[in-house]
*Asks:* 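Please read through the structure below; I'll follow up with questions.
Because the structure is a prediction, the values reported are computed rather than measured. Reminder, nothing fancy here: chain letters follow the sequence lines and each chain counts from 1.
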Number of protein chains: 2
Amino acid sequence: MILEVRADLAPERRERMRNLIRKAGVARVEDLKSDLQVSVATVRRDLEALEEDGRIRRVHGGAVSMESRLEEVVFDDKANLALKEKRLIAEEAFKLISTGDSIYLDGGSTVLEMARLLAGRTDLTVVTNSLRAAAELSESGPRVILTGGELRRLSQTMVGPLTRAILGQVRLDKAFMGTMGLSIDDGLTTTDPNEAFTKSLVQEHARQVILLADARKAGKVSFARVSDLESIDILISDKKFPDKTARALRKRGLKVRLA
Amino acid sequence: MILEVRADLAPERRERMRNLIRKAGVARVEDLKSDLQVSVATVRRDLEALEEDGRIRRVHGGAVSMESRLEEVVFDDKANLALKEKRLIAEEAFKLISTGDSIYLDGGSTVLEMARLLAGRTDLTVVTNSLRAAAELSESGPRVILTGGELRRLSQTMVGPLTRAILGQVRLDKAFMGTMGLSIDDGLTTTDPNEAFTKSLVQEHARQVILLADARKAGKVSFARVSDLESIDILISDKKFPDKTARALRKRGLKVRLA
DNA sequence: TCAAAAACGATCAAAAACGATCAAAACCAA
DNA sequence: TTGGTTTTGATCGTTTTTGATCGTTTTTGA
């Protein structure tokens with residue numbers, strides 16, 4: 001049997017490259033060079049293109065997949081956004097809460113920052129799938145209801161089909177969501193399909209959906225699709241959020257607030 | 001066979017470093033140097049970067065993790081009475097578990113001791129309403145499913161009618177329960193009615209119910225009734241458990257084991 | 001309290017990786 | 001085939017990363 005060794009078309013080669021990086025989480029330029037049988041210059045150009053799409057993130061020596069577990073750890077907003085800016089987003093979101101509201105808190109560090117602001121609000125009911133948010137509110141404050149479900153260790157959240165059981169039985173006035181990726185073409189995306197399932201369930205269920213996403217999330221695409229952008233009512237981000245994307249979102253009926 | 005020793009990408013290496021520190025709580029520069037096969041200079045630079053992200057705090061000689069494990073955030077283990085007895089009871093209960101079992105872990109410190117024994121058992125599925133038990137298993141080990149429900153702050157458990165939603169959807173081979181009171185006349189009792197509700201729900205649902213109760217619980221009666229004694233299959237207690245009560249229980253068909 | 005030992009930060013040079021540039025190769029439509 | 005465009009790989013100066021060195025600070029233990 002002879003393996004046909006034929007030069008790839010560029011898009012085909014990039015797709016292979018993307019898969020290689022996604023599978024390993026990270027990849028070195030040198031490895032990609034020998035795997036794909038091209039020069040380093042071509043590897044770099046392809047990486048540049050893939051980064052443009054938000055599929056990967058280049059680092060010195062290679063690239064990290066934006067569709068893997070590692071990126072969540074390496075590039076989550078905790079690492080990349082100053083605590084101060086994250087707080088601004090959370091405080092802006094906090095203003096939206098009314099007396100007696102029943103609100104949902106998603107996983108993610110920006111939403112977690114918001115949980116800290118709720119410690120004194122005994123008038124609220126907080127529904128959450130995030131153990132960290134629950135921990136934050138475990139001393140005092142609002143009534144806390146946990147969704148239940150399968151524990152996802154990395155994010156310390158409860159996800160998957162079982163979350164439907166309780167979510168179907170509670171009213172949610174406002175849902176404050178986080179996300180890994182926010183793209184005009186691909187909508188909201190996250191790393192884990194079970195997590196995506198739970199997120200979309202909440203968004204269908206809540207009367208008003210508020211997305212908390214720092215500017216770095218704009219244009220990013222992660223692995224599992226959550227929903228399209230239409231299911232969001234309000235986006236809260238920071239000043240660095242790209243104008244072009246903000247305009248496109250407003251055109252689609254979303255309110256966009258930059259804290 | 002040759003082990004390929006290839007250099008890590010910086011983000012990859014930092015991620016490994018972060019995990020090493022988080023797992024151990026603290027780490028010395030020298031240890032990290034040999035673990036990661038780099039110079040001390042590089043270790044220091046990486047530590048600097050991780051500190052910048054707020055993931056660790058540098059100290060003279062190394063670094064300590066700022067990513068406290070969940071249980072440390074949520075709970076400080078208070079003075080645990082009769083810890084030794086509880087451990088013995090937990091170990092006795094642990095022996096009852098079979099490969100592949102789906103088990104329920106109730107709240108309470110005795111059952112929590114048991115959770116600690118399950119860290120390595122990836123063959124199991126653990127269903128629990130206890131945030132402390134979940135925290136104990138949040139690093140690794142069995143598949144963890146949380147029941148959801150309203151957070152009861154004092155016991156850090158999820159209780160009330162909402163727990164029915166998920167409990168109705170899972171199979172429980174063995175339920176390991178705790179209790180506040182165990183009385184021949186009044187059966188099992190606990191402090192909170194919502195908690196009592198959830199306990200009784202589990203006991204109806206599980207194929208086998210195993211009660212973990214140290215001798216001090218014998219004869220005690222608390223506020224909210226959980227169930228009568230017939231719903232228990234096996235009682236595990238310690239040597240101090242009163243003979244008279246044990247005989248009465250055996251007469252009613254319970255197996256009694258004193259660890 | 002003081003001196004030795006350990007750890008530290010700053011600095012520098014070598015190595016690796018990078019981006020820009022340009023010519024050759026491949027491709028495509030006429 | 002021809003002329004024009006796109007893609008590729010090599011070259012080269014620049015930037016980033018790394019490990020070693022050295023003087024300074026902190027810790028240790030007598």
*Asks:* Give one of base, sugar-phosphate or nothing for B/V43, where a contact means two heavy atoms less than 4.0 Å apart.
*Replies:* nothing
*Asks:* Quick one: bend of the helix from C/dT1-D/dA30 to C/dA30-D/dT1 from 5 pairs per end, to 10°?
*Replies:* 40°
*Asks:* What verdict does the side-chain contact (heavy atoms from CB on, under 4.5 Å) test give for B/F176 and B/I97, after you've listed the backbone C-alpha separation in whole Å, the side-chain angles of each residue and the deciding distance to 0.1 Å?
*Replies:* CA-CA 10 Å; B/F176 295 91; B/I97 297 174; 3.9 Å; yes
*Asks:* Without decimals, in angstroms, what is the distance between B/L32 CG and C/dC8 P?
*Replies:* 11 Å
*Asks:* Just by distance, no angles: are the side chains of A/N19 and A/R16 close enough, under 3.5 Å, to form a donor-acceptor pair?
*Replies:* no
*Asks:* Among D/dG9, D/dT18, C/dA7, which nucleotide has an atom closest to any side-chain atom of A/V38?
*Replies:* D/dG9
*Asks:* Which is true for B/R13 with a 4.0 Å heavy-atom rule: it touches a base, it touches only sugar-phosphate, or it touches nothing?
*Replies:* sugar-phosphate
*Asks:* What's the NE2-P distance between A/H60 and C/dA15, to the nearest Å?
*Replies:* 15 Å
*Asks:* Please tell me if B/R44 has a side-chain N or O lying less than 4.0 Å from either OP1 or OP2 of C/dT11.
*Replies:* no
*Asks:* Measure CD/B/E48 against P/C/dA10 and give the value in whole Å, please.
*Replies:* 8 Å
*Asks:* Report the distance from atom CD of B/E12 to atom P of D/dT17, rounded to the nearest whole Å.
*Replies:* 16 Å
*Asks:* Considering only C/dA7, D/dT18, D/dG9, which nucleotide approaches the side chain of B/E30 most closely?
*Replies:* C/dA7
*Asks:* Does the side chain of A/T42 get closer than 4.0 angstrom to OP1 or OP2 of D/dG9 through an N or O atom?
*Replies:* yes
*Asks:* Is the count of non-hydrogen atoms from other residues, nucleotides or ligands lying under 6.0 Å from A/R18 atom CZ greater than 12?
*Replies:* yes
*Asks:* Measure from the side chain of B/R45, starting at C-beta and using heavy atoms only, and say which of C/dC18, D/dT18, D/dT27 lies closest.
*Replies:* D/dT18
*Asks:* What's the CG-P distance between B/D31 and C/dA6, to the nearest Å?
*Replies:* 15 Å
*Asks:* Decide, yes or no, whether a salt bridge links B/R216 with B/E85 under the criterion of side-chain N to carboxylate O below 4.0 Å.
*Replies:* no
*Asks:* Could you check which of C/dA7, C/dG19, D/dG9 has an atom nearest any side-chain atom of A/R58?
*Replies:* C/dG19
*Asks:* Nearest-Å distance, CD (B/Q37) to C1' (D/dT17)?
*Replies:* 18 Å
*Asks:* To the nearest 0.5 Å, tell me how far A/I89 CD1 sits from A/T110 OG1.
*Replies:* 5.5 Å
*Asks:* Figure out the CG/P separation between B/L47 and D/dT18, and round it to whole Å.
*Replies:* 13 Å
*Asks:* Return yes when atom CZ of B/R57 has more than 12 non-hydrogen atoms of other residues, nucleotides or ligands closer than 6.0 Å, and no otherwise.
*Replies:* no
*Asks:* Could you check which of C/dC18, D/dG19, D/dT27 has an atom nearest any side-chain atom of A/V29?
*Replies:* C/dC18
*Asks:* Out of A/K199, A/E150, A/E195, which residue meets the side-chain contact (heavy atoms from CB on, under 4.5 Å) rule with A/T157?
*Replies:* A/E195
*Asks:* Specify the separation, in whole Å, of atom CZ of B/R14 and atom P of D/dT18.
*Replies:* 8 Å
